[in-house]
**Student:** 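Here's a structure for you.
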Amino acid sequence: MTAETQHDRTTTDNHFRLGLLFAISSALAFGSSGPFAKALMESGWSPTAAVTARLAGGALIMAAFATVVRPGWIREVLDHAKTVVGYGLIPIAGAQLCYYNAVAHLSVGVALLLEYTAPILVVGWVWATTRHRPSAMTFGGVAVAIAGIVLVLDVFSGAQINLIGVSWGLAAAICAACYFMMSGKASTDGDGLSPVSLAAGGLVVGTAAVTLLGVAGVMPLTFTTNAVTLAGHATTWLVPVIALGLIPTALAYTLGIVGIARLKPRFASLVGLSEVLFAVLIAWIMLGEAMSMSQAVGGLVVLVGLALARQGDRGEQSDPETATQIERATWPDLPLREAAETAND
C-alpha cells in the first residue's frame, strides 16, 4: 500500500467516524421527542398541536442560528427552493403526520416498526438505481437490525393491526426513507446547499404545512396551558415545548443532515435505527417506563446488525466502480461536483 493510498484510507476512516458521531448524536436527539410530546399530550394537547409546536419552535431556533452562522441562508434556500420545499413537506411534515395517523389506528409498537422499515426502502432504492445487488453481509445486517427493533418495540405484546393504520405506517416509512436520501443533497464543504440552510428552510416549510392542515380542520389542533408532568415533576407547558423545538428538532435535523452527508444514506438509515434504543432509554429515565430483558437484548441485536451492515458497506466501497455507482444513485448532481473539483484542481 502506497503512502498516498494509506493517506486516502485514513482520511476516509476519519470522515466516517465523524459522520457516525453526528448520526448517533442525531438519533439520540430525535429519541427525546417521545417523552416531551407525551407529556404535552397527557396534559390535553392533540398530536397535531404537539407536532406544530415542535416544528415551529425548531424553525424559530434554526432561523436565528442560521442568520448568525450562515447570513445568506435565505438566498441559499431560495436558490434551492425545490429541494427545500420537498424536504419540508415529505421528510419533516409528512413523516410526522403519517406516523401520528398510524398511531391513531395501531399500537405504538407496530406503528414504529412500520416506520423503521425505511432502511429496507433505502437499500432497495440504491439497488434499483445502480443495478448492483448489495452484498450478503449488507442484507444480513439489515435483517438483523430489523429483528432487533422488533425485540426493542415488543410489537407482539398486545399488537393491533388495521389496514388503514398499516397504510399510514408504510407512508411514514417512505417519508423517513426520503429523509435519508434527500439529506444527502446537503453539502458539507461550504458550497451548494448547507445542512444549516436545508434544516432551517425545511422546518419553516414543514411548520407552515402542518399548521395549515390543523387550521383547515383536516387534523385536530388543540392547545392547552395546563401544567405538565416531566420526570415526575410538575412544570409549565413551555418546558417541553422549548425542549421539543431545540433538541429533537433543530439540533436533531442539523446533526442528521451533516451525518448523512458523510456516511451515505444507506448506512446512515441503519444508524438511524438507534433512535428507537435511545427513545426507550430516555422514556425509562424520564417517564419511569421500565425496559424489559427482551428490549435490552434487542438493543444489542441492533448494534450487531449495524456492525454487519458496515462491514458489507466497506466491502462494496473497496470496489471503485461500485462506489461510484452508489454515489451517483445517492447524489444525482455528482457529475457537477466532480467537474467542480476538477476545476478547482
**Student:** Answer yes or no: is there a side-chain heavy-atom contact under 4.5 Å between Phe278 and Ile24?
**Tutor:**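 Yes, their side chains come closer than 4.5 Å.
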**Student:** Take Val84 and Leu193 through the side chain to side chain contact (heavy atoms under 4.5 Å, CB included) test and state the conclusion after the steps.
**Tutor:** CA-CA 9 Å; Val84 173; Leu193 180 60; 4.2 Å; yes
**Student:** Using only atom types and a distance under 3.5 Å, with no angle test, would you say the side chain of His80 pairs donor to acceptor with the backbone of Glu76?
**Tutor:**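 Looks like yes, one N/O pair under 3.5 Å.
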**Student:** Without swapping roles, check the side chain of Ser183 against the backbone of Phe180 for a donor-acceptor pair under 3.5 Å.
**Tutor:**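 No; judged by distance alone, with no hydrogens or angles, the pair does not exist.
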**Student:** Do Thr48 and Leu213 come within less than 4.5 Å of each other through their side chains, counting heavy atoms only?
**Tutor:**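 In short, these two side chains do not touch, never coming nearer than 4.5 Å.
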**Student:** So, Ser26 side chain and Phe22 main chain: donor-acceptor pair closer than 3.5 Å or not?
**Tutor:**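 Checking the backbone N and O of Phe22 against the side chain of Ser26, no donor-acceptor pair under 3.5 Å is found.
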**Student:** CD1 of Ile257 to CE of Met182: how many Å apart, nearest 0.5 Å?
**Tutor:**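 Between Ile257 CD1 and Met182 CE, I get 10.0 Å after rounding to 0.5 Å.
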**Student:** When you group the ILVMFWY residues by side-chain heavy-atom contacts below 4.5 Å and let the links chain together, are Leu238 and Leu230 in the same group?
**Tutor:**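 Same cluster.
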**Student:** Please say yes or no: joined through hydrophobic side-chain contacts below 4.5 Å, possibly via intermediate residues, are Ile74 and Ile92 part of one cluster?
**Tutor:**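 Yes, it is one cluster - the side chains of Ile74 and Ile92 are joined through contacts under 4.5 Å.
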**Student:** Can you see which heavy atom on Ala102 is nearest to which on Gly169, and at what distance?
**Tutor:**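 Looking at all heavy atoms of both residues, the shortest contact is CB-N, 3.6 Å.
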**Student:** Quick check for you: to the nearest 0.5 Å, what is the distance between Thr52 atom OG1 and Leu97 atom CG?
**Tutor:**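 Rounded to the nearest 0.5 Å, the OG1-CG separation comes out at 8.0 Å.
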**Student:** Establish whether Phe223 and Val241 are linked, either directly or via other cluster members, by ILVMFWY side-chain heavy-atom contacts under 4.5 Å.
**Tutor:**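 Same hydrophobic cluster.
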**Student:** Any idea which heavy atoms bring Leu263 and Ala23 closest together, and the distance?
**Tutor:**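 Scanning both residues, the minimum pair turns out to be CD1-CB, 3.6 Å.
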**Student:** Return the orientation label for the Tyr87 and Tyr179 ring planes: parallel under 30°, perpendicular over 60°, tilted otherwise.
**Tutor:**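 Tilted: the ring planes of Tyr87 and Tyr179 meet at 30° to 60°.
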**Student:** How would you list, by chain and number, every residue that makes a ring-ring contact (aromatic ring centres under 6.0 Å, His included) with Phe139, sequence neighbours excluded?
**Tutor:**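 Result, ring-ring contact (aromatic ring centres under 6.0 Å, His included) vs Phe139: Trp127.
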**Student:** Quick check: closest heavy atoms across Ala171 and Cys98, and the distance to 0.1 Å?
**Tutor:**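 Looks like CB-SG, 3.7 Å.
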**Student:** Of all the heavy-atom pairs spanning Ala118 and Ala176, show the shortest one and how long it is.
**Tutor:**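 Minimum heavy-atom separation between Ala118 and Ala176: CB-CB, 3.7 Å.
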**Student:** Considering only distance and modelled atom types, tabulate donor-acceptor pairs under 3.5 Å from the side chains of residues 245-256, sequence neighbours left out.
**Tutor:**
{"unit_1": "Thr249", "atom_1": "OG1", "unit_2": "Arg54", "atom_2": "NE", "d": "2.9"}
{"unit_1": "Thr249", "atom_1": "OG1", "unit_2": "Leu244", "atom_2": "O", "d": "2.6"}
{"unit_1": "Thr254", "atom_1": "OG1", "unit_2": "Ala250", "atom_2": "O", "d": "2.9"}

**Student:** State plainly whether one hydrophobic cluster holds both Val51 and Val218, where clusters connect Ile, Leu, Val, Met, Phe, Trp and Tyr through side-chain heavy atoms under 4.5 angstrom apart.
**Tutor:**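 Yes, same cluster.
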**Student:** Hey, is the main chain of Trp45 close enough, under 3.5 Å, to the side chain of Thr222 for a donor-acceptor pair?
**Tutor:**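 Checking the backbone N and O of Trp45 against the side chain of Thr222, no donor-acceptor pair under 3.5 Å is found.
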**Student:** Check for me, please, whether Val271 and Phe16 land in the same ILVMFWY cluster - side-chain distances under 4.5 Å, paths through other members count.
**Tutor:**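 Cluster IDs for Val271 and Phe16 match.
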**Student:** Looking at CG of Asp79 and OG of Ser197, how far apart are the two atoms once the value is rounded to the nearest 0.5 Å?
**Tutor:**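 Those atoms lie 10.0 Å apart.
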**Student:** What I'd like to find out is whether the side chain of Met181 reaches to under 4.5 Å of the side chain of Trp125, using heavy atoms alone.
**Tutor:**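 They are in side-chain contact.
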**Student:** Quick check for you: to the nearest 0.5 Å, what is the distance between Thr67 atom OG1 and Met62 atom CE?
**Tutor:**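 Output value for this atom pair is 9.5 Å.
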**Student:** Please confirm whether the backbone N or O of Leu40 pairs with a side-chain atom of Ser43, one donor and one acceptor, at under 3.5 Å?
**Tutor:**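 Present.
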**Student:** What closest approach, in Å, do Ala200 and Ala63 show between heavy atoms, and which atom pair accounts for it?
**Tutor:**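 Between these two residues, the closest heavy atoms are CB-N, 4.4 Å.
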**Student:** Do Val196 and Val69 pass the side chain to side chain contact (heavy atoms under 4.5 Å, CB included) test, and can you show the C-alpha distance, the side-chain angles, and the key distance before you say yes or no?
**Tutor:** CA-CA 9 Å; Val196 170; Val69 303; 4.2 Å; yes
**Student:** Check whether any side-chain heavy atom of Thr235 sits under 4.5 Å from a side-chain heavy atom of Val228, and report yes or no.
**Tutor:**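 With C-beta onward as the side chain, the pair touches.
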**Student:** Do Ser194 and Trp73 have side-chain atoms, one donor and one acceptor, less than 3.5 Å apart?
**Tutor:**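 Checked: Ser194/Trp73 side chains show no N/O donor-acceptor pair below 3.5 Å.
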**Student:** Can you check whether Leu18 reaches Arg262 side chain to side chain, under 4.5 Å on heavy atoms?
**Tutor:**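 Yes, their side chains come closer than 4.5 Å.
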**Student:** Rounded to the nearest 0.5 Å, how far apart are OG1 of Thr207 and CG of Leu212?
**Tutor:**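 One gets 10.5 Å once the value is rounded to the nearest 0.5 Å.
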**Student:** Within this structure, what is the SG-CG distance for the pair Cys175 and Leu89, rounded to the nearest 0.5 Å?
**Tutor:**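 Separation between the atoms: 10.0 Å.
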